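One structure below.
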Amino acid sequence: MKSQRFLTPGFVTHESDRHDDAPWGVFGGKSGSGGKYEIYNTSKPDEIAQYPAKFSGLRVIEGDVACYFSPSGGGYGDPLDRPAQQVLEDVLDDFITPEHARETYGVILKSADDGFAWALDAAATETLRSSMRG
């Protein structure tokens, strides 16, 4: 995600692809997600306007914040074959959530107090992955 706050009124043009058409996965990988473009104003942060990936000449005012979420690529291979340690590292790097790790990759994480927020629960992961494959 990239965000930009406008300090003065003006106009913005944005060009991107894959807004509605998510990138596909290959060899058993799941589809990625499409991009999105949102604008909210710092004075009303709960009012978020959605825009398509491509537009030209959109008027913005002082305090508007434009947030661009780029589309993610599709997966390569069965997500259950991704090494659980790499999935944990993705969570620790804030690429995915612990819930996504469980639902997509079959990886169970537990709270940790070793300087990291999460640790791998290897036994529970193996059990979950076996049930997801079956």
Side-chain angles (χ1 to χ4, degrees):
M1 176 183 74
K2 176 176 83 170
S3 297
Q4 297 173 316
R5 183 167 53 111
F6 294 92
L7 302 177
T8 64
F11 296 90
V12 64
T13 294
H14 189 264
E15 294 202 17
S16 182
D17 289 318
R18 299 281 182 185
H19 181 79
D20 293 320
D21 183 23
W24 55 87
V26 296
F27 304 117
K30 295 185 176 187
S31 294
S33 61
K36 62 182 178 177
Y37 195 92
E38 301 175 340
I39 295 182
Y40 68 90
N41 193 282
T42 54
S43 65
K44 300 175 188 175
D46 294 333
E47 294 179 19
I48 301 171
Q50 303 281 329
Y51 293 92
K54 290 183 183 177
F55 59 83
S56 181
L58 178 68
R59 185 159 185 61
V60 292
I61 61 173
E62 180 180 343
D64 277 352
V65 178
C67 302
Y68 170 61
F69 299 80
S70 63
S72 67
Y76 180 91
D78 185 342
L80 298 177
D81 291 336
R82 181 166 174 80
Q85 183 64 36
Q86 288 180 353
V87 175
L88 169 62
E89 291 169 13
D90 288 344
V91 170
L92 294 175
D93 288 336
D94 288 328
F95 293 139
I96 62 173
T97 64
E99 295 78 21
H100 186 78
R102 182 184 63 251
E103 293 166 6
T104 302
Y105 296 97
V107 173
I108 303 293
L109 303 176
K110 56 188 175 185
S111 295
D113 60 359
D114 59 357
F116 298 100
W118 299 102
L120 180 64
D121 186 333
T125 294
E126 187 58 40
T127 301
L128 178 58
R129 283 183 162 185
S130 292
S131 71
M132 289 173 81
R133 284 189 172 105

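The model shown is predicted, which means the values in this text are computed figures rather than measured ones.
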Side-chain (Ser72) to main-chain (Ser33) donor-acceptor, under 3.5 angstrom: yes
Please report the closest heavy-atom contact between Ser131 and Leu128, naming both atoms and the distance. OG-O, 2.8 Å
Under 3.5 Å, is there a donor-acceptor pair between the side chain of Asp93 and the main chain of Phe95? no
Just verifying a value: how many Å separate Cys67 SG and Lys36 NZ, rounded to the nearest 0.5 Å? 9.0 Å
Do any N or O atoms from the side chain of Ser56 and from the backbone of Thr13 form a donor-acceptor pair under 3.5 angstrom? no
Please say yes or no: joined through hydrophobic side-chain contacts below 4.5 Å, possibly via intermediate residues, are Val107 and Met132 part of one cluster? no
All heavy atoms of Ala117 vs all of Leu92, minimum pair found to be N-CD2, 4.2 Å
Answer with yes or no whether the hydrophobic clustering places Ile61 together with Phe11; edges join I, L, V, M, F, W, Y residues whose side-chain heavy atoms lie under 4.5 Å apart. no
Would you indicate whether the side-chain heavy atoms of Arg82 and Asp90 approach each other to under 4.5 Å? yes
Rounded to the nearest 0.5 Å, how far does CD of Gln86 lie from OH of Tyr105? 10.0 Å
How long is the straight-line distance from OG1 of Thr42 back to CZ of Arg5, given to the nearest 0.5 Å? 6.5 Å
Report yes if the side chains of Thr97 and Arg102 come closer than 4.5 Å at any heavy-atom pair, otherwise no. no
Shortest non-hydrogen separation from Ala101 to Val91 and the atoms involved: CB-CG2, 3.9 Å
Within 6.0 angstrom of Glu99 CD, more than 12 heavy atoms from elsewhere: yes
Interatomic distance, Asp64 atom CG to Arg59 atom CZ [nearest 0.5 angstrom]: 10.0 Å
Between Val65 and Glu38, does the side chain to side chain contact (heavy atoms under 4.5 Å, CB included) criterion hold? Intermediate values first, please. CA-CA 8 Å; Val65 178; Glu38 301 175 340; over 6 Å; no
Indicate, with yes or no, if the rings of Tyr51 and His14 have centres closer together than 6.0 Å. no
Working to the nearest 0.5 angstrom, can you tell me the gap between Gln50 CD and Ile39 CD1? 10.5 Å
Looking at every heavy atom in both Gly106 and Leu80, which two are closest together, and how far apart are they? N-CD2, 3.9 Å
Nearest heavy-atom neighbours spanning Ser16 and Tyr68: OG-OH, 2.6 Å
For Gln85, side chain to side chain contact (heavy atoms under 4.5 Å, CB included) partners two or more places apart: Leu88, Glu89, Leu120
Within-4.5 Å side-chain heavy-atom neighbours: Asp81 and Arg133: yes
Is Val87 close to Ile96 at the side-chain level, that is, under 4.5 Å between some pair of heavy atoms? yes
Going by the angle between their ring planes, with limits at 30° and 60°, are Phe55 and Tyr37 parallel, tilted or perpendicular? perpendicular
Tell me the closest heavy-atom pair linking Leu7 and Glu62, and the distance in Å. O-CG, 3.4 Å
Can you tell me how far the CZ atom of Phe69 sits from the OG atom of Ser3, to the nearest 0.5 Å? 6.5 Å
